[in-house]
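Whatever order the structure lists ligands and atoms in, that order sets their numbers, starting from 1. Not measured: the values here are computed from a predicted model.
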Amino acid sequence: MSITRGVWTVHHLAAFFALFVILIVGVQARPANISVHRSKHVNGNEDNEILPPDHLNGVKMEMDGHLNKDFHQEVFLGKEMEEFEEDSEPKKNRKKLIEIFSKVDFNKDRSVSAKELQRWIMEKTEEHFQEAVKENKRNFHAVDPDGNGLVTWDEYRVKFLASKGFNEKEVAEKIKNNEELKVDEETQEILESLKDRWFQADNPPADQLLNEEEFLSFLHPEHSRGMLKYMVKEIIRDLDQDGDKQLTRSEFISLPMGTVENQQGQDIDDEWVRDRKKEFEEVIDANHNGIVTMEELEEYMDPMNEYNALNEAKQMIAVADENQNHSLELEEILKYSEYFTGSKFMDYARNVHEEF
Ligand SMILES: *[C@@H]1O[C@H](CO)[C@@H](O)[C@H](O)[C@H]1NC(C)=O
Ligand SMILES: *[C@@H]1O[C@H](CO)[C@@H](O)[C@H](O)[C@H]1NC(C)=O
Ligand SMILES: [Ca+2]
Ligand SMILES: [Ca+2]
Ligand SMILES: [Ca+2]
Ligand SMILES: [Ca+2]
C-alpha cells in the first residue's frame, strides 16, 4: 500500500513538474511586454545605443512584428511623451493637456476636428523624426571616433562586439588580421542580420561605408523609403508561413514560428490575437480582400502617410467623442486623458470651465 502510494507521489511530482514546465514555457512564449520595451526606450536606450531599436516612436509596428500599443499616445504627445511619464502630478499633467488641446484646436473654436487632429499628428510625427536625427548624431560620433564622417562595417562590428562584452582591442586586432572570430551562435545570428541591414542602408556606391545619414536609416528605417521597404520585407518573412510573400489573417495572428510551443501559451495570448485580428481586418488590409500584401503593409507602416494620420485622428476622436459630434471638446479629452496621455487625472470633470 505504502509502495503504491509512493509511486503515486512520484507520478504526481512528475505531473506537477510537467505542468510547471508548460507554464514557464507558456509565459516565455508570450509576446514581448510592450511596457518593458517602452520604459527602455524612454530612458534613452542607454545600453546598446548603437543597435537598431525594436521600438520606433510614431511607427505603427515594431521591428519584431508586434503592434505598437503606444502609437496613439506617441503621435498625440510628440516629444513631450517623456514629460508625461516622468512627472506624474495630475494637476500639472492636466494643465499640459489643456495647453495641448488649445494648440490642436487650430481655428480656436474650442472643438478639435479630424482635420485639425490630422495636422497635429503629422507635426508630432515630425518631432519624433527630429528627435531620432538628434540622437543619431550622438550615436554616430560613438561609432566614428576619428570623426571623418564615415564608418566601415568592420568598425561598427568591433563596436557592436565590444557592447556585447568582447574585448574591443582583441576583436579589432583579429578583424585586421583576418583571423576567425569565436562568437556564440546567437551573437553570430545578430551580426549576420545587422550586416544585411548595413548593406541595405549603404546607398550607391556600395563601399560598405555609412555616412551619418545612411547610419540614421540603418538605425531608423522609417527615415528612408528603401529601408522601410526592407523592414516590411523582414516582418513579412518572419510571419509568412507558406512563402508567398503576403500575409493571410491567420498568418498575421500566429506568433512568429518557434515562439509558441503549446496550446496553453496560445490561449494566454487571446487578447494579443484579438487586437491583431482587428487591426488586420480594419486597417492593414486596406482593400479588405483578406490578404495583406507588401504594399499594404508598407502603406500602413509609413509614418509620413497623411491618409493614415487622418484615419488615426478619426479613430482617436471616436474613442472619446461622447456627444457624437465627430469632434473633440476639452471635456472629452480630459475625461479620456489616460487614453491620450497615459496618465489619469482624478478630477477631470470639475472646474473645466474655470480654465477659460
Ligand atoms: C508588463 O511589465 C510591466 C512592468 O514590468 C508590468 O507592470 C505589466 O503588468 C506587464 N504587462 C503585461 C501585460 O504583462
Ligand atoms: C460639438 O459639441 C459641442 C458641445 O455641444 C459644441 O460646442 C461644438 O461646437 C460641437 N462641434 C461641432 C464641430 O459640431
Ligand atoms: Ca477647432
Ligand atoms: Ca503567406
Ligand atoms: Ca489586401
Ligand atoms: Ca465631441
Peer 1: Just wondering, is there an N, O or S atom on S327 that's nearer than 3.0 Å to the Ca ion (ligand 6)?
Peer 2: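 Yes, within the cut-off.
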
Peer 1: Would F218 and Y156 count as a close aromatic pair, with their ring centres under 6.0 Å?
Peer 2: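 For F218 and Y156, the ring centres are under 6.0 Å apart.
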
Peer 1: Are any of the side-chain nitrogens in K96 or E99 under 4.0 Å away from the carboxylate oxygens of its partner?
Peer 2: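 No salt bridge links K96 with E99.
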
Peer 1: Quick one: name the protein N/O/S atoms under 3.0 Å from the Ca ion (ligand 4), chain by chain.
Peer 2: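 Under 3.0 Å from the Ca ion (ligand 4) - ignoring waters, which are not counted - the protein N, O or S atoms are D240 OD1, D242 OD1, D244 OD1, Q246 O, E251 OE1, E251 OE2.
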
Peer 1: For the CG atom of N136 and the CZ atom of F129, what is their distance to the nearest 0.5 Å?
Peer 2: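 CZ of F129 is found 12.5 Å from CG of N136.
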
Peer 1: Only to 10 degrees, please: what angle do the OD1 atom of D285 and the OD1 atom of N287 make about the Ca ion (ligand 5)?
Peer 2: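 Angle OD1(N287)-the Ca ion (ligand 5)-OD1(D285): 80°, rounded to 10°.
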
Peer 1: Using distance alone, with no hydrogens and no angle criterion, decide if D184 and T187 have a side-chain donor and acceptor under 3.5 Å apart.
Peer 2: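 The answer is yes; a qualifying pair exists.
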
Peer 1: Is it the case that the side chains of Q73 and Y339 hold a donor-acceptor pair, with the cut-off being a distance below 3.5 Å and no angle test?
Peer 2: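 Looking only at side-chain atoms, Q73 and Y339 do not form any donor-acceptor pair under 3.5 Å.
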
Peer 1: Would you indicate whether K182, at its atom NZ, is surrounded by more than 12 heavy atoms from other residues, nucleotides or ligands within a distance under 6.0 Å?
Peer 2: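 No - once you tally the heavy atoms of other residues, nucleotides and ligands closer than 6.0 Å, there are 12 at most.
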
Peer 1: Examine all N, O or S atoms of D321, backbone included, and report whether one is under 3.0 Å from the Ca ion (ligand 6).
Peer 2: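 Checking the Ca ion (ligand 6) against D321, an N, O or S atom does fall under 3.0 Å.
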
Peer 1: Will you find, in the side chains of E329 and S111, an N or O donor that is under 3.5 Å from an N or O acceptor?
Peer 2: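 The criterion, which ignores hydrogens and geometry beyond distance, is satisfied for S111 and E329.
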
Peer 1: Does NZ or CZ of R119 come closer than 6.0 Å to the centre of the six-membered ring of F106, within 45° of the ring's axis?
Peer 2: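 Yes - R119 lies over the ring of F106, closer than 6.0 Å to its centre and within 45° of its axis.
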
Peer 1: Counting backbone and side-chain atoms alike, does T293 have an N/O/S atom under 3.0 Å from the Ca ion (ligand 5)?
Peer 2: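 So T293 does not count as coordinating the Ca ion (ligand 5).
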
Peer 1: Using only heavy-atom distances, determine whether the side chains of N68 and E74 contain a donor-acceptor pair under 3.5 Å.
Peer 2: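 Yes, because at least one side-chain N or O of N68 sits under 3.5 Å from a partner of the opposite role on E74.
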
Peer 1: Have a look at E329 and say which of its N, O or S atoms is nearest the Ca ion (ligand 6).
Peer 2: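 When I compare the N, O and S atoms of E329, OE1 is nearest to the Ca ion (ligand 6).
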
Peer 1: How wide is the angle at the Ca ion (ligand 6) between OD1 of N325 and OD1 of N323, to the nearest 10°?
Peer 2: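 OD1 of N325, the Ca ion (ligand 6) and OD1 of N323 span an angle of about 80°.
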
Peer 1: Closer than 3.0 Å to the Ca ion (ligand 6), do we get an N, O or S atom from Q324, backbone or side chain?
Peer 2: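 No N, O or S atom of Q324 is closer than 3.0 Å to the Ca ion (ligand 6), so no.
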
Peer 1: Assess, by modelled atom type and distance only, whether the side chains of N305 and E299 contain a donor and an acceptor separated by less than 3.5 Å.
Peer 2: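 Checked: N305/E299 side chains pair up, N/O donor to acceptor below 3.5 Å.
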
Peer 1: Please state whether the separation between the Ca ion (ligand 5) and some N/O/S atom of A286 is under 3.0 Å?
Peer 2: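 Short answer: no, not a single N, O or S atom is under the cut-off.
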
